[in-house]
Protein chains: 2
Amino acid sequence: MTELEKGPQGQRRGRGARERVLGASQQLFRDQGINRTGMDQLCAVAQVSKRTAYQHFASKDELVAEYLRRFDPDVMPGVFDRTDLTPRERLLATFELPASTPLCPYIAAAVELHDPQHPASQYARDYKTAIAARLTETAREAGATNPEQLGEQLALLLDGASARTQVLNSDSVPTAAAIAAVIIDNAIPAPSAQPTGERVTTGSAPVPVRGQ
Amino acid sequence: MTELEKGPQGQRRGRGARERVLGASQQLFRDQGINRTGMDQLCAVAQVSKRTAYQHFASKDELVAEYLRRFDPDVMPGVFDRTDLTPRERLLATFELPASTPLCPYIAAAVELHDPQHPASQYARDYKTAIAARLTETAREAGATNPEQLGEQLALLLDGASARTQVLNSDSVPTAAAIAAVIIDNAIPAPSAQPTGERVTTGSAPVPVRGQ
DNA sequence: TCTTATAAACACCGACCTGTGTACTTAACG
DNA sequence: CGTTAAGTACACAGGTCGGTGTTTATAAGA
């Protein structure tokens with residue numbers, strides 16, 4: 001543990017087996033789905049022997065749960081810490097996802113595993129609840145009349161965009177962003193301005209934010 | 001083919017093999033998911049020999065596609081034909097789903113199969129597009145300024161409710177309905193009334209309608 | 001009745017799956 | 001150096017999967 005991580009260009013095979021397995025999981029579970037990714041293929045991509053993989057993770061189910069827990073630690077939560085944006089702008093920035101964002105891995109896991117008791121499904125619930133709480137908190141800062149309601153509504157829009165993008169195979173995030181703009185303005189009592197007509201699109205600054 | 005269907009109480013085993021297979025598909029694919037349902041179990045539930053099942057469906061993939069095509073022919077489309085409702089009420093009635101509605105099978109199939117080229121995934125796209133078109137049409141009747149936009153937005157809300165219900169394991173349809181009420185009112189230029197404050201819930205008549 | 005389509009029964013195949021047992025190698029650290 | 005933890009290689013078990021071959025039974029239509 002002394003030589004810690006051996007620099008940015010990680011060595012191909014050797015000591016960092018666990019991290020390589022998790023890295024391969026992120027790639028393969030996203031690209032192929034969980035059920036269609038076998039442990040043999042996963043270990044081959046990770047360049048880790050299967051025996052070693054099973055010494056770090058008791059089962060594939062546990063690996064899937066850990067894969068969700070470790071999923072890109074700084075995806076969306078980063079949006080909520082942007083002090084350069086107003087609370088309202090932060091809520092809208094949530095919908096500034098890159099054009100081709102894969103299906104939210106939490107939704108994917110919940111659907112693929114199809115078992116609410118599965119550790120990964122439980123964590124997916126926790127994560128989704130946490131995101132909604134963050135949105136609620138920001139909605140409160142933004143002065144929403146009913147922050148819990150707005151937070152839950154925005155969370156539903158994010159999930160809807162993700163699911164619909166997956167089914168239609170075309171980006172639905174802008175549609176969700178347009179709805180968000182309407183319901184945000186509707187939920188925050190305007191100090192002076194009029195409540196916006198119809199052509200409502202998120203015309204804020206381009207924000208490089210990912211995740212769902 | 002003359003004795004057609006043999007009455008309401010279908011005979012257990014015998015001539016109606018194809019329909020029994022499709023019936024078992026609807027039950028098992030919904031309850032267990034597609035990937036977790038093997039053909040052996042499916043044929044056992046359908047009380048059809050596996051050999052016969054494969055004489056009606058060339059492969060499981062084809063069965064899945066046909067299962068989607070046959071999925072409860074009168075689920076949601078029925079809402080759009082209710083002449084006793086105004087167009088706006090019809091749009092809102094779309095969200096009057098029973099408390100515990102399973103995940104939309106089209107979303108489930110698209111996520112589980114994880115292949116946009118799969119026949120079932122293609123049909124899921126077609127179906128989702130058709131529903132959006134119906135919503136758009138109704139939105140136009142309701143006098144929406146931008147019917148295409150409103151139709152697509154409502155479709156996204158339905159998908160979001162379905163996906164989020166699956167992940168959270170708790171009903172998200174009312175949340176989607178509340179959003180729908182807001183964006184519908186926002187998209188239809190009000191003849192005289194004010195554009196609604198905040199406490200917007202679908203207070204229409206209870207309509208027994210299912211599907212997504 | 002005879003004919004023919006439909007279905008049942010049931011064993012079976014090859015591929016793939018998760019997970020393990022065993023023996024060998026390598027790298028870190030004292 | 002030697003010790004010890006980490007990893008490799010590889011075969012293999014036990015199960016499930018989708019799909020097939022073969023033979024026999026049965027019900028419908030002529």
Side-chain angles (χ1 to χ4, degrees), chain A residues 1-7 9-25 28-29 32-67 109 112-115 118-120, chain B residues 1-7 9-25 28-29 32-67 109 112-115 118-120:
Chain A
M1 271 76 168
T2 327
E3 189 85 21
L4 69 119
E5 250 71 50
K6 194 67 79 54
Q9 174 58 14
Q11 70 284 27
R12 271 304 90 192
R13 54 179 59 219
R15 284 292 121 118
R18 184 185 173 92
E19 296 309 311
R20 261 177 291 145
V21 169
L22 287 169
S25 300
L28 294 175
F29 290 164
Q32 307 181 342
I34 294 170
N35 290 329
R36 304 187 102 76
T37 299
M39 290 298 286
D40 288 277
Q41 183 195 10
L42 197 150
C43 291
V45 170
Q47 289 190 281
V48 163
S49 87
K50 205 158 59 154
R51 205 68 192 77
T52 301
Y54 274 101
Q55 252 146 12
H56 285 288
F57 306 95
S59 64
K60 184 184 179 181
D61 284 342
E62 196 177 278
L63 169 60
V64 172
E66 191 64 22
Y67 145 77
E112 281 203 73
L113 303 175
H114 217 274
D115 172 18
H118 191 290
Chain B
M1 271 73 169
T2 328
E3 189 83 22
L4 70 118
E5 250 72 48
K6 193 63 79 51
Q9 175 58 16
Q11 69 283 29
R12 271 304 90 192
R13 54 181 58 219
R15 284 292 120 121
R18 182 185 174 93
E19 296 309 312
R20 264 178 289 144
V21 169
L22 287 170
S25 300
L28 294 174
F29 289 164
Q32 308 182 340
I34 296 170
N35 290 328
R36 304 185 101 77
T37 299
M39 290 298 287
D40 288 278
Q41 182 194 12
L42 198 149
C43 291
V45 170
Q47 289 189 278
V48 162
S49 87
K50 205 155 67 148
R51 204 69 193 80
T52 301
Y54 276 100
Q55 250 146 15
H56 286 288
F57 306 96
S59 65
K60 184 184 178 181
D61 285 340
E62 195 177 278
L63 168 61
V64 172
E66 191 64 20
Y67 146 75
E112 282 204 72
L113 303 175
H114 217 273
D115 173 18
H118 191 291

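So that the names make sense, note that chain A is the first sequence line, chain B the second, and so on, each numbered from 1.
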A.B. asks: Without decimals, in angstroms, what is the distance between B/R20 CZ and C/dT6 P?
C.D. replies: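 That distance rounds to 14 Å.
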
A.B. asks: Looking at B/T52, I'd like to know whether one of its side-chain N or O atoms comes within less than 4.0 Å of OP1 or OP2 on C/dA7.
C.D. replies: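 Answer is no, no contact under 4.0 Å.
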
A.B. asks: A/R15 CZ to C/dT25 C1': how many Å, rounded?
C.D. replies: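 For the pair A/R15 CZ and C/dT25 C1', the rounded distance is 11 Å.
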
A.B. asks: Could you tell me whether the phosphate oxygens of C/dT6, OP1 or OP2, come under 4.0 Å of any side-chain nitrogen or oxygen in B/H56?
C.D. replies: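 No, no such contact exists.
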
A.B. asks: Whole angstrom is fine here: how far is it from CG in A/N35 over to C1' in D/dG18?
C.D. replies: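 It works out to 16 Å between those atoms.
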
A.B. asks: What is the minimum heavy-atom distance between B/E112 and A/R36, and which atoms define it?
C.D. replies: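 Here B/E112 and A/R36 meet closest at O-NH1, 3.8 Å.
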
A.B. asks: Of A/D61 and B/Q55, whose nearest nucleotide on DNA chain C comes first from the 5' end?
C.D. replies: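 It is B/Q55, whose closest nucleotide lies nearer the 5' terminus.
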
A.B. asks: I'd like to know whether A/R18 forms a side-chain contact (heavy atoms from CB on, under 4.5 Å) with A/V21, so could you lay out the CA-CA distance, the side-chain angles of the two residues, the decisive distance to 0.1 Å, and finally the verdict.
C.D. replies: CA-CA 5 Å; A/R18 184 185 173 92; A/V21 169; 5.8 Å; no

A.B. asks: Rounded to the nearest Å, what distance is computed from the CZ atom of residue A/F57 to the C1' atom of nucleotide C/dT18?
C.D. replies: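 Answer to the nearest Å: 16 Å.
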
A.B. asks: Between A/R51 (CZ) and C/dT22 (P), how many Å, whole number?
C.D. replies: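 Rounding to the nearest Å, CZ of A/R51 and P of C/dT22 are 10 Å apart.
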
A.B. asks: Using every non-hydrogen atom in the two residues, find where A/L42 and A/A24 come nearest and quote the distance to one decimal.
C.D. replies: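 Of all heavy-atom pairs spanning A/L42 and A/A24, the closest is O-CB, 3.8 Å.
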
A.B. asks: Taking NZ from B/K50 and C1' from C/dA11, how many angstroms apart are they, rounded to a whole number?
C.D. replies: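 These atoms are roughly 11 Å apart.
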
A.B. asks: Can you tell me how far C1' of D/dC17 sits from NZ of B/K60, to the nearest Å?
C.D. replies: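 Answer to the nearest Å: 8 Å.
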
A.B. asks: Taking the nucleotide of DNA chain D with the closest heavy atom to each, which residue, A/S49 or A/D40, is nearer the 5' end?
C.D. replies: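 Going by which nucleotide is closer to the 5' end, it is A/S49.
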
A.B. asks: If you check every side-chain atom of A/A17, which of C/dT18, D/dG7, C/dA7 has the closest atom?
C.D. replies: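 Nearest nucleotide to the side chain: D/dG7.
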
A.B. asks: Measure CG/B/L63 against C1'/D/dG19 and give the value in whole Å, please.
C.D. replies: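 After rounding, the reported distance stands at 13 Å.
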
A.B. asks: For B/V48 and A/T37, take the nucleotide of DNA chain C holding the closest heavy atom to each; which residue's nucleotide lies nearer the 5' end?
C.D. replies: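 The residue whose closest nucleotide sits nearer the 5' end is B/V48.
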
A.B. asks: Locate the shortest heavy-atom distance separating B/I34 from B/K60; write the atom from each residue and the value.
C.D. replies: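 Nearest pair, atom of B/I34 first, then B/K60: O-NZ, 3.0 Å.
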
A.B. asks: Please report the shortest heavy-atom distance between B/G33 and B/T37, naming the atom on each side.
C.D. replies: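 Looking at all heavy atoms of both residues, the closest pair is O-OG1, 2.7 Å.
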
A.B. asks: On DNA chain D, nearest-nucleotide positions of B/A58 versus B/Q41: which is more 5'?
C.D. replies: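 In this pair, the answer is B/Q41.
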
